[in-house]
Amino acid sequence: MAVKNLPMREALHRALHEEMIRDDRVYVMGQEVGRWQGTHRVTRGFLEEFGERRVKDAPISEMAIAGAAVGSAMAGLRPVAEIMTINFAFLALDAIINHAAKIHYMFNGQFTVPMVLRVASGWGDQATATHSHTPEPIFAHFPGLYVATPATPADAYGMLKTSIRDDNPVLFSESIGLYPKPGLVPDDPDYLVPIGKADVKREGQHVTLVTFARGLEWCMGAARELEKEGVQAEVVDMRWLRPLDTETVFASVRKTNRAVIVEEALPMYSFGSELAAQIQEHCFDYLDAPVKRVSSLDVPVPYSKKLEDMVFPTAHKVVAAVKEIL
Amino acid sequence: MGQITMEMLLDWYRQMVLIREFEEACQHLYEQKRITGVYLHLYSGHEAIAVGAIANMVIGKDHIITAYRDHGIALAIGCDPGATMAEMMGKRDGLSGGKGGSMHLASRRHNFWGGYAIVGGHLPLATGLALESQYNERGAVVISMVGDGATNNGYFHEALNMSGVWRLPNIWIIENNGYGMGTEVERASANPILHERAKGYGTHDLGRIDGQDVVAVYEAVCAAKEYALAYGPVLIEAMTYRYRGHGVSDKQYNTRLAQELEEWKQTKDPITILARRILAQDPQAQPKLDQITGEQHKVVEEAIAFADNSPLPDTLEELYAHIYVD
């Protein structure tokens, strides 16, 4: 398969562009998606190419963006709505959780909600406490919603396509820090990544590092460091927080007998706590050490650079966690 | 607008009597603990609004969506009274398979997109439904019922503004029954003349109408439909009164406001008003009206029998069905 080297933002642009061409029911809506060319440039050029019918600049109305996406999806369109950052999606929690995620169930399957809600997530540019969230686990708490968290341009490309073509609502989280990071992307407009399938990004036999989104680069960095000391880490990239591919994780842990869970999100009631519970429940007899977690520190994110840097996981912190259980 | 014929008046009378009989039966069944849910919001007193509005719809083309006081909408649009009652009881043959309950009635084939239990939550869905109509040039309108209390929540503001910006074929009908739960409109709305809010949303203001007069409602919605299809959203404030508490568990309401309630029942009852209109045109119609009442009483008895005989869903398969589209 031919491939292209693209930053994640380009991979997303390409995926969305191809799906817009493929299916007239697909439209984009959100703040600054049109004339501004998209806050993150994912919808660059769309307004000029597809026009105002399919590229809808929305008012700053997160509840209505998410809610109108739900309504139009119920009626048969396939909205790809954008909420500029995941921090603002808190304003739309009711539309996402009480409506998008529950309508199919609550009305006994009479309606479907084939929508994608794209949100940019993450931290790192002194964005401060209210603009530095990675709260994907909150959304993954609720049955009825899929939660996509790609870590590479290829996965971003295939996962966005899958999400748009699927009949269920998907919260599609794009890590801001990953937008400019390049990677090889299949040159295939029908390249799809199956929903709820994790991906082993690196094989190893001594410890399993489980992560998603931006955590992948810390885990890969840690794995390279550990390799120098003769430790082979296996890196499992979940890709989707819901459905959660626990089988791939369990298989890896049963092989390595050790697990470190790495996430950009906060530690309390998180992906890490959920997965650690499931690993101990299903792999107890295989574990040679406690399951470790590396998360952001349990604080609001401060502005000042040195303080901010203290909050987040790094490859170094992952290495240190691994060494504690070897 | 076409001529309002005697046949139409009699059919509206039938529908309104059906709703009243149904709702009073619900109250009775709740007291007998045969309807067991904690939420049951009766439409008694509001009948003329649902019936007058829906009389303008092309069923299966135009859309309607409402909040949790939804029984009257379901019946007026033609949902089977048996299936509607079965949903009250959580039965397998209910409109939503027993999984939605009284607040989540819906019927896909009627484009009745549901009752919704979060105040205001359905309003952006209505915006989205109207967006689909515009997107695909369907020439369909979306009628949305809005409680007076919902006009103070952010959803109302965002949904109406978005609809106004995009010139969508939304008809917003405020059912102003004077109370948001127990709080008078005057104590909750800085400007209690609710229809005046239309101006803020670039929405055509059709003003206040008598929500107890089905003919007034019919004519207003008829004009609204014409306007909405040509130019964009329309707002109507229909003045009405609820005969029962906010919900059936609200027991203090009727005692507290006994005098006010009695006044409405004596002077502004929607069924009496319509009966008077029919008798003015045809003084010999009384036996016909009595016959309709008898028939609708029987329809509701049969609906209860149907619901009683329907089984409760009780399998794991049913519990887990429709969380996601397969």
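Since we're looking at a predicted model, the values are computed, not measured. In the text below, chain A, chain B and the rest are named by the order of the sequence lines, each starting its count at 1.
Between chain A and the options B:Gly100, B:Gly97, B:Ala106, the largest number of non-hydrogen pairs under 4.5 Å is found for B:Ala106. Per-residue counts of heavy-atom pairs under 4.5 Å with chain B were compared for A:Ile103, A:Thr112, A:Val113; the largest is that of A:Ile103. Here A:Ala64 is the residue among A:Ala64, A:Ala66, A:Ala73 with the most heavy-atom pairs under 4.5 Å with chain B. Note: B:Ile118 leads B:Leu95, B:Leu131, B:Leu105, B:Ile118 in heavy-atom pairs under 4.5 Å with chain A. Interface summary for chain B: among A:Leu145, A:Val70, A:Asn98, the most heavy-atom pairs under 4.5 angstrom belong to A:Leu145.
Between B:His104 and B:Tyr116, the two ring planes are perpendicular [angle over 60°; tilted spans 30° to 60°]. Between A:Tyr27 and B:Tyr135, the two ring planes are tilted [angle within 30° to 60°].
With respect to the salt-bridge test (charged N to carboxylate O, under 4.0 angstrom), the residues A:Lys161 and A:Asp190 do not qualify.
Contact annotation for A:His99: only side-chain heavy atoms (C-beta onward) come within less than 4.5 Å of a heavy atom of chain B. Contacts between A:Ala95 and chain B at a heavy-atom distance below 4.5 Å involve backbone atoms as well as side-chain atoms. With a threshold of 4.5 angstrom between heavy atoms, B:Trp166 approaches chain A through side-chain atoms but not through N, CA, C or O. Looking at B:Leu319, the atoms closer than 4.5 Å to chain A (heavy atoms on both sides) sit in the backbone and in the side chain alike. With a threshold of 4.5 angstrom between heavy atoms, A:Asp166 does not approach chain B through any atom at all. Of the atoms belonging to A:Phe111, it is side-chain heavy atoms, and not backbone ones, that fall under 4.5 Å from chain B.
Side-chain atoms of B:His204 and B:Pro233, non-hydrogen and from C-beta on, never get closer than 4.5 Å to each other.
Between the side chains of A:Gln31 and A:Asp57, no donor-acceptor pair of N or O atoms lies under 3.5 Å.
The side-chain contact (heavy atoms from CB on, under 4.5 Å) test with A:Phe139 singles out one residue from A:Leu241, A:Leu171, A:Thr149, and that residue is A:Leu171.
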- Query: Checking ring pair (Phe, Tyr, Trp, His ring centres under 6.0 Å) for the pair B:His322/A:Tyr105: CA distance, chi angles, key distance, verdict?
  - Reply: CA-CA 5 Å; B:His322 303 306; A:Tyr105 187 83; 7.8 Å; no
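Closest non-hydrogen pair, B:Ile171 versus B:Val221, comes out as CD1-O, 4.4 Å.
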